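Read through the structure below, which is laid out as C-alpha cells, and then see the notes.
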Amino acid sequence: MPPSSASTSAAEAKPAGASGGVQSLERAFDLLERMADAGGEVGLSELSGSSGLPLPTIHRLMRTLVACGYVRQQPNRRYALGPRLIRLGESASRLLGTWARPFLARLVEETGETANMALLDGDEIVYVAQVPSRHAVRMFTEVGRRVLPHSTGVGKALLANHAPEEVRALLGRTGMPAATEKTITDPEHFLEALADVRRLGYAVDDNEQEIGVRCLAVPVPNSPTSAAISISGPTGRVTEAATDKIVPVLQDVAAQLSVALANQTPA
C-alpha cells in the first residue's frame, strides 16, 4: 500500500542522513532555488522533472510555501516566487555587504580606487557594498543601485561562465541600451567580451557605463550567490599599466572573501 499522507509527512520531518538536516526543509529550499534558476516561475511538472521528487511531495511542499507567502500560485496554475522572499533577500544582501566591507577596504588601500561589491539579482546587477577612494576625484555608486549587466565590469564577470543561450535570453529580456558610445549593444559582441573574461580572468568596463571611468572586476569564487568585486576610477589612473598591478590584488581579495563567506555557514 502507498504510505499515508501522515506517514509521508513524518518521513519528511526526519533528519536527512549525514547532512543532519530536516529533509522537508532541504527539499523546500531546493525547490525555491530551482524556481529562481528557472526565472522565478515554474509548473509542478517542471519541478518534478528537475528535482526528481514525486508530484504529490512537491504539491505538499508548495502548498506550505504558498501559505507562508514565499511562493504564490498564478492564475495559470504555475507557481512564482512570493513577495515575502524580498525582505529576506534585502536583509541578506545588507549582511553580505557588511561582511564584504573589510575586504573592499583592503582593495582601496592597495589600489587607491573605489571598491564595489555587486550581485546578480534576476536579470540585473545590484550594488550591495562600496568603500570610496581617498582621492579627491573618485567614483561613486550608490549602494542599492541597479543596472543592466551588459555595460558593467561586474556584469561581465558575473555572466562570463553562463551558457551562451542563457546570456542571449537575458539580453533579449533586458535589451542592450547604450549608456555611452562605448557600450556593447550587440549580443554576439558581448559574448565575445565574455570569452575574453574567461581567457584573462577578469572583466573590464572601459568607458562603457560612464565616459572617463574604467572598471576592473572579478567574480567571487564559490560565493553562496553570484557575486563580484571591482575597482573603478578615472581612465587616467586605471590605465593598462595599472591593470597589471590591480588584477592580482582583486583576485586575491576575491579568494579571501570567498573563504570568509564560506566560514559564515556552518558545515
Side-chain angles (χ1 to χ4, degrees), residues 96-120 125-143 145 147 149-162 179-184 189-223 225-263:
L96 190 60
T98 299
W99 288 337
R101 282 187 63 82
F103 298 89
L104 299 183
R106 181 195 154 191
L107 273 178
V108 175
E109 185 69 28
E110 296 198 25
T111 69
E113 304 301 342
T114 295
N116 307 283
M117 183 177 187
L119 309 180
L120 182 63
I125 299 299
V126 57
Y127 289 92
V128 296
Q130 181 180 85
V131 175
S133 166
R134 297 187 181 91
H135 289 292
V137 178
R138 60 192 179 192
M139 304 304 105
F140 177 78
T141 298
E142 183 180 0
V143 172
R145 182 189 178 199
V147 296
H150 71 283
S151 60
T152 64
V154 285
K156 293 175 187 174
L158 289 168
L159 291 179
N161 289 317
H162 284 230
T180 75
E181 65 268 24
K182 292 274 207 163
T183 306
I184 299 173
H189 289 169
F190 187 70
L191 288 171
E192 292 171 7
L194 297 187
D196 289 338
V197 175
R198 292 191 294 274
R199 176 174 57 85
L200 296 171
Y202 66 94
V204 181
D205 158 16
D206 191 0
N207 293 273
E208 296 163 52
Q209 178 67 217
E210 185 177 348
I211 291 296
V213 176
R214 199 160 183 263
C215 171
L216 305 173
V218 299
V220 178
N222 304 313
S223 175
T225 188
S226 295
I229 58 174
S230 68
I231 64 91
S232 55
T235 53
R237 290 202 305 260
V238 186
T239 61
E240 291 292 341
T243 297
D244 293 337
K245 299 177 181 178
I246 292 172
V247 167
V249 178
L250 269 171
Q251 293 170 332
D252 185 49
V253 171
Q256 291 186 18
L257 177 56
S258 173
V259 172
L261 293 177
N263 289 339

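None of the values given here were measured: they were computed from a predicted structure.
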query: So, does Ser258 use its side chain to make a donor-acceptor pair with the main chain of Pro221 at under 3.5 Å?
result: yes
statement: Between Asn207 and Gly212, the two heavy atoms sitting closest are OD1-N, 2.6 Å
query: Which value, rounded to the nearest 0.5 Å, describes the distance between Ile246 atom CD1 and Ile231 atom CD1?
result: 4.0 Å
- prompt: For the side chain of Ser223 and the backbone of Ser226, is there at least one donor-acceptor N/O pair under 3.5 Å apart?
  reply: no
field: Check: Thr243 and Tyr202 side chains under 4.5 Å, non-hydrogen atoms
entry: yes
- line: In terms of heavy-atom contacts, Ile125 and Val154 come closest through CG2-CG2, 3.8 Å
field: Non-hydrogen atoms of Leu104 and Ala115 that approach each other most closely
entry: O-CB, 3.5 Å
task: Quick one: do Asn116 and Arg145 satisfy side-chain contact (heavy atoms from CB on, under 4.5 Å)? Show the steps, please.
output: CA-CA 12 Å; Asn116 307 283; Arg145 182 189 178 199; over 6 Å; no
statement: Output for pair (Ser230 OG, Glu113 CD), nearest 0.5 Å, gives 11.0 Å
message: Could you tell me if the side chain of Val247 sits less than 4.5 Å from the side chain of Gln251, heavy atoms only?
response: yes
query: Which pair of heavy atoms, one from Phe190 and one from Ile184, lies closest together, and at what distance?
result: N-CG2, 3.6 Å
query: Quick one: does Arg214's side chain have a donor or acceptor within less than 3.5 Å of a partner on Asp205's backbone?
result: no
task: Would you confirm whether Thr180, through its side chain, and Glu210, through its main-chain N or O, come within 3.5 Å as a donor-acceptor pair?
output: no
- prompt: Is any side-chain N of the basic residue among Glu109 and Arg134 closer than 4.0 Å to the acidic one's carboxylate O?
  reply: yes
message: Strictly distance-based, threshold 3.5 Å: is any side-chain N or O of Lys156 a donor or acceptor partner for the main-chain N or O of Val204?
response: yes
query: Which atom pair, heavy atoms only, marks the closest approach of Arg237 to Ser133?
result: NH2-OG, 4.3 Å
- prompt: Are His150 and Leu159 side-chain neighbours, meaning at least one heavy-atom pair lies under 4.5 Å?
  reply: no
message: The test is side-chain contact (heavy atoms from CB on, under 4.5 Å); show your working for Val131 and Leu107 and say whether it passes.
response: CA-CA 9 Å; Val131 175; Leu107 273 178; over 6 Å; no
- request: Take Asp252 and Gln256 through the test side-chain contact (heavy atoms from CB on, under 4.5 Å) and record every step on the way to the result.
  value: CA-CA 6 Å; Asp252 185 49; Gln256 291 186 18; 3.3 Å; yes
Please table the atom pairs, donor to acceptor, closer than 3.5 Å between any side-chain atom in residues 194-201 and protein atoms at least two apart or in another chain.
unit_1 : atom_1 : unit_2 : atom_2 : d
Asp196 : OD1    : Arg199 : NH2    : 3.2
Arg198 : NH1    : Ala160 : O      : 2.5

Pairwise distance CZ(Arg106) to OG1(Thr111) - rounded to 0.5 angstrom: 10.5 Å
query: With a 4.5 Å limit on heavy-atom distance, are the side chains of Met117 and Leu257 in contact?
result: yes
Residue pair Gln209 / Ser151, side-chain donor-acceptor N/O under 3.5 Å: yes
task: Heavy atoms only: give me the nearest Phe103-Val253 pair and the separation to one decimal.
output: O-CG1, 3.6 Å
Any donor-acceptor pair under 3.5 Å from Thr183 side chain to Glu208 backbone: yes
